[in-house]
Amino acid sequence: MDLSAQLIKWYQANKRDLPWRHTTDPYVIWLSEIILQQTRVEQGLPYFNRFLEKYPTVSHFAAATEDEVLNLWQGLGYYSRGRNMLYTARLVQELYRGQFPSSYDQLISLKGIGEYTAAAISSFSANEAKAVVDGNVYRVLARYYGIDEPINSTGGKKTFQSLADGLLDKNRPALHNQAMMEFGAMLCKPKNPACGICPVHLDCYAFKNNATIALPVKLKTVKIRKRYFNYLLIMRGDEILMHKRGAGDIWTNMYQLPLIETAGPTELHNLMELPQMQQFMADNVSLSPVSQVYKHVLTHQHLYVSFTKVDGKTGGYGEGYFFTEVKNLKNLALPQIIFLFLTKFLN
DNA sequence: AAAGCGGGGGG
DNA sequence: CCCCCAGCTTT
């Protein structure tokens with residue numbers, strides 16, 4: 001039995017029962033695949049259920065607003081996925097009259113769908129013979145065949161895709177792809193892989209050479225930038241001043257409190273002296289810290305975030321600023337750090 | 001080819 | 001603390 005057949009056999013006996021495995025509707029598969037990009041199944045599952053309930057078809061999705069989609073996406077991260085989904089849903093509604101495509105060539109041209117996702121949707125929904133290569137597949141193949149070429153190098157990606165293509169069971173591509181990924185996720189895990197119960201460990205390079213820890217190889221680069229976010233809490237009765245972020249930075253088009261970003265940590269008395277404060281402060285000012293400094297960790301940035309209560313002006317805050325009732329906050333897409341603070345502070 | 005983009009979980 | 005997660009887009 002070749003590797004594919006062995007893993008399929010393992011999969012059929014050990015697979016998890018996941019909702020998107022009960023459908024061949026390319027729209028539903030698409031929904032699940034985008035949500036699961038760089039996201040664990042357990043984390044994405046509740047979002048999948050909520051999105052499917054609210055948008056049962058791509059036509060429903062296409063009719064949504066960006067605020068609505070981002071609000072539903074809140075907390076999941078990589079928010080461009082949500083914005084791209086709306087763009088794609090509207091395109092599919094127009095171009096394909098609401099019939100979500102299932103062929104690799106059509107899928108790969110859509111925004112938010114790359115090689116992995118096009119292969120996944122086309123194989124799962126139409127049994128097209130395209131091999132998926134995700135983080136799980138990289139790991140399984142690197143270990144089994146002992147490949148130390150970096151998985152995130154250009155050459156490495158080609159090497160692993162070619163290998164996966166050759167391995168694909170063309171008679172049952174959907175089953176093959178599911179098996180490869182499930183095996184990587186459940187058994188051939190990044191840390192502490194379960195080699196003891198692995199059906200293919202006797203043929204596995206990494207097992208035989210005690211190299212599971214060293215494989216796969218990944219070039220690491222990530223440089224982390226420190227940023228200092230001083231958020232202002234400005235209330236007017238039961239209303240709160242909010243600001244809609246623009247493009248070109250994190251959290252595109254999401255809602256936050258008025259923000260003054262500084263080059264370093266800023267004490268209260270220094271914050272008061274900043275020229276940007278004139279945009280927000282009343283004449284008789286009073287500032288009071290209402291939180292400690294939170295460290296909010298993103299992949300490429302560490303945010304040091306503080307919240308300060310300010311007696312605001314009566315108006316004239318500028319473009320993008322608006323007062324909204326506190327009870328309306330649940331309808332705004334908030335970055336997690338803002339959501340957590342407001343939830344804590346307002347209750 | 002490299003950088004940018006969230007948030008959470010596990011060791 | 002580190003790494004990884006059903007990756008993609010932009011530069």
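Quick caveat: nothing in here was measured; it's all calculated off a predicted structure. Every heavy atom of this structure was used, including side-chain atoms; hydrogens, water molecules and symmetry mates were not. Sequence lines set the chain letters: A, B, ... in the order given, protein chains first and strands last, and positions in each chain run from 1.
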A:Leu18 CG to C:dA6 C1', straight-line distance once rounded to whole Å | 10 Å
When the distance from CG of A:Leu36 to P of C:dC5 is rounded to whole Å, what number comes out?
-> 13 Å
Given the options A:Val290, A:Leu233, A:Leu232, A:Leu271, A:Val310 meets side-chain contact (heavy atoms from CB on, under 4.5 Å) only with A:Leu232
Inspect the contact between A:Arg83 and A:Glu66 and indicate whether a charged nitrogen and a carboxylate oxygen are less than 4.0 angstrom apart.
-> no
Using a strict 4.0 Å threshold on nitrogen-to-oxygen distance, state whether A:Asp249 and A:Arg227 make a salt bridge.
-> yes
C:dC1 P sits how many Å from A:His302 NE2, rounded?
-> 7 Å
Take the angle between the ring planes of A:Tyr231 and A:Phe229 and call it parallel below 30°, perpendicular above 60°, tilted in between.
-> perpendicular
Base-pairing mate for B:dG8 - Watson-Crick or G-U, with both contacts under 3.5 Å | C:dC4
Over-ring placement of A:Lys295 relative to A:Tyr304, 6.0 Å and 45° cut-offs = no
Taking CD from A:Glu115 and P from C:dG7, how many angstroms apart are they, rounded to a whole number?
-> 13 Å
Given C:dC4, is OP1 or OP2 found less than 4.0 Å from the side-chain N or O atoms of A:Arg139?
-> no
Would you mind classifying the nucleic acid contact of A:Leu110 as base, sugar-phosphate or nothing, using non-hydrogen atoms under 4.0 angstrom?
-> sugar-phosphate
P atoms of B:dG11 and C:dA6, separation to the nearest Å = 14 Å
Rounded to the nearest 0.5 Å, what's the gap from CD on A:Gln336 to CH2 on A:Trp251? Could you check?
-> 10.0 Å
Name the nucleic acid region contacted by A:Thr117, choosing base, sugar-phosphate or nothing; use a 4.0 angstrom heavy-atom cut-off, strictly under.
-> sugar-phosphate
A:Trp30 near the nucleic acid: base, sugar-phosphate alone, or nothing, with a heavy-atom cut-off under 4.0 Å?
-> nothing
Given atom CD1 of A:Ile121 and atom C1' of C:dC8, what is their separation to the nearest angstrom?
-> 13 Å
Given the C1' atoms of B:dG6 and C:dC4, what is the spacing between them in whole Å?
-> 14 Å
Parallel, tilted or perpendicular, as decided by the 30° and 60° cut-offs, for the rings of A:Tyr294 and A:Phe341 = perpendicular
In whole angstroms, how far is the P atom of C:dC3 from the CG atom of A:Leu215?
-> 16 Å
Rounded to the nearest Å, what distance is computed from the CE atom of residue A:Met85 to the P atom of nucleotide C:dT9?
-> 13 Å
A:Leu175 CG to C:dA6 P: how many Å, rounded?
-> 19 Å
Sugar-phosphate atoms are those with a prime plus P, OP1 and OP2; base atoms are the rest. Using that split, label each nucleotide of nucleotides 4-11 of chain B B, S or - for protein heavy atoms under 4.0 Å, 5' to 3'.
-> BBBBBBBS
